[in-house]
Number of protein chains: 2
Amino acid sequence: MAEDRHGTRGRIQAVALELFAEHGYDATSLREIAERLGVTKAALYYHFKSKEDIVRSLFDDYAREVDELIAWGRRQPATAATRRGLLDRYLDIVVRRSGIFRFLENNQAAMRNLESEGTKEVFRERMRALIDLTREPDAPLRERMRASLAFTAVHVGWLFFQDEPVSKDELRAVVYDIACDLATAPRDAQLSTS
Amino acid sequence: MAEDRHGTRGRIQAVALELFAEHGYDATSLREIAERLGVTKAALYYHFKSKEDIVRSLFDDYAREVDELIAWGRRQPATAATRRGLLDRYLDIVVRRSGIFRFLENNQAAMRNLESEGTKEVFRERMRALIDLTREPDAPLRERMRASLAFTAVHVGWLFFQDEPVSKDELRAVVYDIACDLATAPRDAQLSTS
DNA sequence: GTCTATAGACGGATAGAC
DNA sequence: GTCTATCCGTCTATAGAC
């Protein structure tokens, strides 16, 4: 699960993310992280200046990756193909770094209390930028909500249905299909059909 | 925001939910709850035997309401109209008790660590039951995922777009529309159109 | 880079008076 | 039903040896 890294610093990040996602940020103490690593708390403080600094370092990796995606999206023409490419690439990120997405989904309240400015807004701001790339900012509410749900569908679809007896490729395809449907301008709703 | 109640016990529940939703469950101390109420910690312990007991009491109210909805759904024929009625009524619950839904969305990790069995699964189990009412349990993955996203759309749509400059009635209508679209058997996807 | 030891704060929970 | 006072545990973070 944890994307193992080289060096002690990377191992701390991997183990911390694992525990944060498993038991929650608040409920995970530095003692637990140190014990699973086979070192002491004080050793962690050599690599990170605080508990919050650890989570901040995890955010930075995530933010850099999504920022690149946003930059890519801004270079493309505003077509349906671009929107699908955006979702496709976003899905790649979620698949590859599912640990941090699971963590973010489950610890929103804990993240809101962080001291360092910027950290708490990292998630929300990137989401907003992605939605704006999928729909014009002044599009009607219904369209912006559907665009927002396209990304939510990527999170929920990939993370909640991990235990399904289907291959990861198939799961990914289903998620992609549903997300594209949401990101695509809707046909007239035919709600009265059975 | 807090649905004010009569009696000290009810006031504790209202203030606790307010603070839990605002700062998170772990980050909210009994001292804070007591201070906002103008009483002492010990007074809380007269009404609730522990911090977890407070959150448990909040869950009970939510669970009872959703259980009634599930029971209603099971009495209805499995038609498209029933599915829409399910979403309509579920939306009513989310609108009326948005406090606890916001809390649940933001504190999933904290809830996972609760001692008392049942409490942590309350949310997930009800969700599963609602999805099964909207789609057959053995429906293809794509259909179950869309059904699941219909309810997620109700949460996200209502809670995330609260600040939009539209009336609550209009917001509710948009959420309902999108959720119904997800809960309705899809037409053939037309992904290649612009 | 990692250790032991400890400071200092705050949390949940209880005892017992009123 | 609410209070004061307190116990006891755990946490983050630091100091200083190796």
Side-chain angles (χ1 to χ4, degrees), chain A residues 4-59 103 106-107 109-117 119-120, chain B residues 4-59 103 106-107 109-117 119-120:
Chain A
D4 262 28
R5 323 205 191 189
H6 44 291
T8 303
R9 190 187 153 94
R11 287 175 59 232
I12 293 172
Q13 287 176 314
V15 167
L17 179 55
E18 207 173 305
L19 286 170
F20 289 163
E22 196 174 337
H23 308 307
Y25 177 74
D26 289 314
T28 302
S29 68
L30 294 178
R31 182 184 53 75
E32 286 176 287
I33 297 172
E35 268 175 14
R36 183 169 292 198
L37 272 165
V39 297
T40 62
K41 272 194 303 176
L44 304 184
Y45 278 95
Y46 175 81
H47 296 279
F48 298 95
K49 73 177 207 299
S50 68
K51 183 181 180 182
E52 188 171 327
D53 193 37
I54 297 178
V55 84
R56 149 70 86 192
S57 79
L58 294 169
F59 274 23
F103 166 67
N106 294 330
N107 292 275
M111 293 305 95
R112 205 175 305 138
N113 303 325
L114 296 184
E115 288 287 328
S116 67
E117 276 310 314
T119 302
K120 43 188 153 188
Chain B
D4 263 26
R5 321 203 191 190
H6 45 291
T8 304
R9 191 187 151 92
R11 286 175 59 233
I12 294 172
Q13 288 177 313
V15 167
L17 179 55
E18 207 173 304
L19 285 170
F20 289 163
E22 196 174 337
H23 304 121
Y25 177 75
D26 289 314
T28 303
S29 68
L30 294 178
R31 181 184 53 75
E32 286 176 287
I33 297 172
E35 268 175 14
R36 182 169 295 197
L37 273 165
V39 297
T40 62
K41 270 197 301 177
L44 303 184
Y45 278 95
Y46 175 81
H47 296 279
F48 299 94
K49 74 176 207 298
S50 68
K51 182 181 180 182
E52 188 171 326
D53 194 38
I54 298 178
V55 85
R56 147 84 70 194
S57 79
L58 294 169
F59 274 23
F103 166 67
N106 294 329
N107 291 274
M111 293 305 95
R112 206 176 304 139
N113 303 325
L114 296 185
E115 288 286 330
S116 67
E117 277 309 314
T119 301
K120 44 188 153 186

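Note that the structure is a prediction, hence the values are computed from the model and not measured. Order of the sequence lines sets the chain letters (A, B, ...), proteins ahead of strands, with each chain counted from 1.
Between the CG atom of L37(A) and the P atom of dT2(C) there is a distance of 10 Å, given to the nearest Å. Atom pair E35(A):CD and dT10(D):P shows a separation of 12 Å (rounding to whole Å applied). Taking atom CG on L44(B) and atom P on dA13(C), their separation rounds to 11 Å, with Å as the unit. Distance CD1 (I12(B)) to P (dG1(D)): 10 Å, rounded to an integer number of Å. In this structure, the CD1 atom of I54(A) is 14 Å from the C1' atom of dC11(D), given to the nearest Å. Atom CG in L114(A) sits roughly 15 Å away from atom C1' in dT12(D) (whole-Å rounding). Atoms NE2 (H23(A)) and P (dC11(D)) sit 12 Å apart, rounded to a whole Å. Atom CG of D26(A) is separated from atom P of dG11(C) by 12 Å (rounded to the nearest Å).
When V15(B), I54(B), I33(B) are each tested for a side-chain contact (heavy atoms from CB on, under 4.5 Å) with T28(B), only one passes: I33(B).
The minimum heavy-atom distance linking E32(A) with A27(A) is given by the pair OE1-O, 3.2 Å.
One finds no salt bridge joining R112(A) and E22(B) here, because no Lys/Arg side-chain nitrogen approaches an Asp/Glu carboxylate oxygen to under 4.0 Å.
At a threshold of 4.5 Å between non-hydrogen side-chain atoms, the residues F103(B) and V55(B) count as touching.
Taking the centre and axis of the six-membered ring of Y45(B), the NZ or CZ atom of K51(B) falls outside the cone set by 45° and 6.0 Å.
Across all strands, G38(B) comes closer than 4.0 Å only to sugar-phosphate atoms, never to a base (heavy-atom distances). Among the protein residues, S29(B) comes within range of the sugar-phosphate backbone only, with heavy atoms under 4.0 Å from sugar or phosphate atoms but none that close to a base.
Looking at which nucleotide of DNA chain C each of K41(A) and H47(A) is closest to, the 5′-most match is held by H47(A).
Between Y45(A) and dA13(D) there is a side-chain N or O to OP1 or OP2 distance below 4.0 Å. Contact annotation: T8(A) reaches the phosphate of dT2(C) (side-chain N/O to OP1 or OP2, under 4.0 Å). Within the structure, a side-chain polar atom (N or O) of R31(B) is placed less than 4.0 Å from OP1 or OP2 of dG11(C). Within the 4.0 Å cut-off from OP1 or OP2 of dC3(C), at least one side-chain nitrogen or oxygen of T40(A) is found.
Checked against dT4(C), dT12(D), dA13(C), the side chain of A42(A) finds its nearest nucleotide in dT4(C).
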